[in-house]
Asks: 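This is the structure I have questions about; it appears just below.
Chain A is the first sequence line, chain B the second, and so forth, proteins listed ahead of strands; every chain is numbered from 1. Reckoned from all heavy atoms, side chains included, excluding hydrogens, waters and symmetry mates.
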2 protein chains.
Amino acid sequence: MTQPLRKKEIRQENERLILDAAEKVFAEAGFGGATMQLIADMAGLPKANLHYYFPTKEALYRQVVQKIFQIWLQAADVFDAASGPAQGIGAYIDAKMEISRRHPAGSKVWASEVMHRAPVIQDYLETTLVDWTNGRMKLIQHWIDTGRMDPVDPRHLLYMLWATTQHYADFGHQIETLNGARELSDAQWQAAKTTIKRIILKGIGVAEDELPEL
Amino acid sequence: MTQPLRKKEIRQENERLILDAAEKVFAEAGFGGATMQLIADMAGLPKANLHYYFPTKEALYRQVVQKIFQIWLQAADVFDAASGPAQGIGAYIDAKMEISRRHPAGSKVWASEVMHRAPVIQDYLETTLVDWTNGRMKLIQHWIDTGRMDPVDPRHLLYMLWATTQHYADFGHQIETLNGARELSDAQWQAAKTTIKRIILKGIGVAEDELPEL
DNA sequence: TCTCATCTTGACCATACGGTCAGGAATGGG
DNA sequence: CCCATTCCTGACCGTATGGTCAAGATGAGA
């Protein structure tokens with residue numbers, strides 16, 4: 001089928017296969033419901049091979065969660081690069097919606113991990129996430145202090161952004177069921193983004209003339 | 001310890017004990033991670049006794065999910081009884097936030113069930129939830145048509161309400177971590193509700209003088 | 001008190017799962 | 001070509017889990 005691979009490429013390729021399969025299986029079955037056999041089948045490798053690359057189920061799971069956390073943090077960049085609340089929050093919503101669309105399994109694994117009291121990434125929550133959140137809260141507070149948006153509680157605004165965007169990944173199955181068992185179309189994703197941005201940006205009182213085109 | 005119970009009361013009491021324990025364990029460990037032994041221990045009953053009242057783990061899980069679904073639907077009443085978007089959506093947010101606060105475990109079990117493609121309650125999604133959603137969408141559309149709020153997509157507004165309110169239950173652990181490992185106080189819950197209502201009600205353009213006191 | 005239905009539970013079973021290992025195959029550097 | 005390193009995998013093991021069962025305890029009704 002494919003041409004032979006070099007040793008280093010083999011490792012890279014197999015780890016990718018396994019991580020991708022694991023992400024899907026952990027998302028669909030949860031950590032407890034997932035089995036190494038299922039992940040192996042989905043990756044197209046024998047089970048023993050998984051244990052060659054990842055010593056334990058938990059180690060594999062840990063890697064999956066960390067990978068998602070990185071993607072998740074990366075969406076913050078657009079937030080900081082912005083010149084004001086309209087651009088910053090608008091772009092952040094777009095970025096997080098895109099992640100929900102492209103990495104729904106990852107988002108579910110993250111949600112599941114947090115719901116189960118974060119047994120694996122609690123330290124990340126306490127350090128990286130706390131720092132990230134504090135930084136963003138300060139930025140929002142600055143926008144408020146300079147009169148560019150209403151004085152809303154920055155913390156709860158952030159939670160609202162997370163909740164609303166991640167909902168489209170974590171509850172994707174419910175959304176598809178309510179959509180007649182069909183995936184959202186491009187237009188429907190666009191409508192979702194537009195509606196969310198319109199409501200939140202107007203809701204926090206950004207000036208009309210600052211609104212980006214929706 | 002307690003006075004002897006009548007036979008019928010015994011059944012009622014034990015089923016309640018088991019369901020309460022199961023809700024917590026399923027929420028914290030997921031369906032696959034939960035064990036009948038753990039539920040039995042938390043309920044203070046021998047494992048075999050669980051199988052006397054609930055034939056299988058899945059049957060027990062099903063009852064837990066159905067119980068939550070009922071509570072969840074019940075919050076819709078305040079929606080319908082309202083005279084307009086400000087009252088209706090405001091009261092709905094309050095009701096759903098109260099559920100997130102009082103039944104966080106239930107909310108997590110629901111979220112987990114949906115994330116795993118609703119193996120147990122798919123029929124409810126397709127019937128009851130579809131009907132409920134369509135009804136509420138019509139009501140919102142009516143408010144739009146009569147000029148009482150902005151023309152936003154009712155479907156995505158509903159998703160936004162679900163996402164934002166349930167986030168405080170499903171991601172409660174993350175929120176507590178970001179709150180210095182402490183539960184939200186009464187005042188903080190109040191701030192959350194107020195912030196959410198203020199942003200969404202303003203965001204959908206309800207008239208200032210229609211806003212309920214926050 | 002006697003009898004029946006309900007409730008209780010320790011002991012047990014079959015299965016499935018995470019993980020191990022030994023031995024073989026493939027690759028690469030010299 | 002040699003051999004050291006990496007990769008591969010079928011067979012196997014111990015344990016934990018969902019579920020069963022038979023025998024006994026407890027309450028209800030007559």
Asks: Is E183(B) atom CD crowded by more than 12 heavy atoms from other residues, nucleotides or ligands, each under 6.0 Å away?
Replies: no

Asks: Could you tell me the separation between the NZ atom of K57(B) and the P atom of dG18(D), rounded to a whole number of Å?
Replies: 5 Å

Asks: Applying side-chain contact (heavy atoms from CB on, under 4.5 Å) between F26(B) and each of L38(B), V65(B), L60(B), report the one that passes.
Replies: L60(B)

Asks: Under 30°, 30 to 60°, or over 60°: which ring-plane class applies to Y159(A) and H156(A), parallel, tilted or perpendicular?
Replies: perpendicular

Asks: Please report the distance, rounded to the nearest Å, between CD in E58(A) and P in dG18(C).
Replies: 13 Å

Asks: In whole angstrom, give the distance that lies between atom NE2 of H51(B) and atom P of dT9(C).
Replies: 15 Å

Asks: Please lay out, stage by stage, how H116(B) and K108(A) fare under the test side-chain contact (heavy atoms from CB on, under 4.5 Å).
Replies: CA-CA 9 Å; H116(B) 301 157; K108(A) 286 176 191 169; over 6 Å; no

Asks: To the nearest 10°, let me know how far the axis at one end of the helix from dT1(C)-dA30(D) to dG30(C)-dC1(D) is tilted from the axis at the other, five pairs an end.
Replies: 20°

Asks: From the set dT17(D), dG18(C), dT9(C), return the single nucleotide nearest to any side-chain atom of T35(B).
Replies: dT17(D)

Asks: So, are E28(A) and K24(A) salt-bridged, with charged N and O less than 4.0 Å apart?
Replies: no

Asks: Nearest whole Å is fine: how far is dC17(C) C1' from K47(A) NZ?
Replies: 7 Å

Asks: Hey, does A40(B) reach any base, or is it just sugar-phosphate, or nothing, if we go heavy atoms under 4.0 Å?
Replies: nothing

Asks: Indicate the atoms forming the closest heavy-atom contact of V120(A) with D123(A), along with that distance.
Replies: O-OD1, 3.7 Å

Asks: Whole angstrom is fine here: how far is it from CD in E13(B) over to P in dC7(C)?
Replies: 13 Å

Asks: Taking OP1 and OP2 of dG10(D), is either one under 4.0 Å from a side-chain nitrogen or oxygen of N49(A)?
Replies: no

Asks: Evaluate side-chain contact (heavy atoms from CB on, under 4.5 Å) for E15(A) paired with R11(A), printing each intermediate quantity in order.
Replies: CA-CA 6 Å; E15(A) 286 183 350; R11(A) 178 160 216 113; 3.3 Å; yes

Asks: At 4.0 Å (heavy atoms only), tell me whether A59(B) reaches a base, stays on the sugar-phosphate, or touches nothing.
Replies: nothing

Asks: Could you check how far CG of L38(B) sits from P of dA16(D), rounded to whole Å?
Replies: 14 Å

Asks: Just N and O in the side chain of R11(A): are any of them under 4.0 Å from OP1 or OP2 of dT6(D)?
Replies: no

Asks: Using a cut-off of 4.0 Å on non-hydrogen atoms, how would the nucleic acid contact of Y53(A) be classed: base, sugar-phosphate, or nothing?
Replies: sugar-phosphate

Asks: Please confirm whether the shortest side-chain N or O distance from Y52(A) to OP1 or OP2 of dC8(D) is below 4.0 Å.
Replies: no

